[in-house]
Amino acid sequence: MADAILDPEPIVRALQAAFARDASREGLLRLAASRIRAVGSPYTGVYMYMLGNDGILELEAFDGRPTEHTRIPVGQGICGQAVAEMRDINVPDVSAADGYLACSIETKSELVVLIRRHDEILGQIDIDSDTPNGFDAREETAVRAVADALAALL
Ligand code: SME
């Protein structure tokens, strides 16, 4: 495990303030991604995928290394599995994960937290880490607080 525990409160406040200033949906997603990544290790890359009616997760904002996976069908990759199974997924070792779609050879672990409004899945926060086993339950809880704030504002 790396050092950081994400404090969601200032990020949630920043999102609410941006919303009050009429920030766009993309602006809110970009703000969340950059504020999470600014925490540093284990948050190497933060990708905001939003679910379309066509069953495709579309990359709408990110902070970190660019990825070729800008459109991911539900069921594919860790991202698509999280939607298909309607659950957050924490992968401590991506090399051992079935169906994993690599964005960078440096990535060692990954955390996907769904953005949900009641029963509806709006999208997800997908986080790559260069640290093996980068995320524990405390980090998951913190990222979920940001996802819940986004669900209320998007
Ligand atoms: N690793 C993800 C793909 C997204 S990129 O890593 C940003 C997956 O397996 O779905």
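One-based numbering, in listed order, for ligands and for the atoms of each.
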Please tell me if the side chains of [X] and [Y] come closer than 4.5 Å, counting only heavy atoms from C-beta onward.
{"X": "Leu57", "Y": "Arg71", "result": "no"}
{"X": "Thr67", "Y": "Phe62", "result": "no"}
{"X": "Val46", "Y": "Asp128", "result": "no"}

Any idea which of Cys79, Ala82, Ser104, Cys103 brings a heavy atom closest to atom 10 (O) of ligand 1?
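Looking at heavy atoms only, the winner is Cys79.
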Atom 9 (O) of ligand 1: which of Leu101, Val94, Thr70, Val91 has the nearest heavy atom?
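Minimum heavy-atom distance to atom 9 (O) of ligand 1 goes to Leu101.
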List every atom of ligand 1 that sits less than 4.0 Å from any heavy atom of [X], numbering the atoms from 1 in the order shown and giving each element.
{"X": "Tyr47", "answer": "7 (C)"}
{"X": "Tyr100", "answer": "1 (N), 9 (O)"}
{"X": "Thr67", "answer": "5 (S), 7 (C)"}

Check the side chains of Glu139 and Tyr43 for a donor-acceptor pair under 3.5 angstrom, ignoring hydrogens and angles.
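Yes.
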Relative to ligand 1, is [X] under 4.0 angstrom through side chain, backbone, both or neither, heavy atoms considered?
{"X": "Ile78", "result": "both"}
{"X": "Glu110", "result": "side chain"}
{"X": "Leu59", "result": "neither"}

Can you check whether Gly77 has an N/O within less than 3.5 Å of an N/O in ligand 1?
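No: no nitrogen or oxygen of Gly77 is under 3.5 Å from one in ligand 1.
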Give yes or no for whether the N/O distance cutoff of 3.5 Å, strictly under, is met between Gln76 and ligand 1.
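Among all N and O atoms of Gln76, none is under 3.5 Å from an N or O of ligand 1.
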Ion pair present between [X] and [Y], side-chain N to carboxylate O less than 4.0 angstrom?
{"X": "Arg65", "Y": "Asp130", "value": "yes"}
{"X": "Arg116", "Y": "Glu120", "value": "no"}
{"X": "Asp93", "Y": "Lys108", "value": "no"}

Is there a path from Ile121 to Ile78 through hydrophobic residues (I, L, V, M, F, W, Y) whose side chains come within less than 4.5 Å of each other?
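No, it is not one cluster - the side chains of Ile121 and Ile78 are not joined through contacts under 4.5 Å.
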Is the closest heavy-atom distance from Tyr49 to ligand 1 below 4.0 Å?
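Flag set, Tyr49 near ligand 1.
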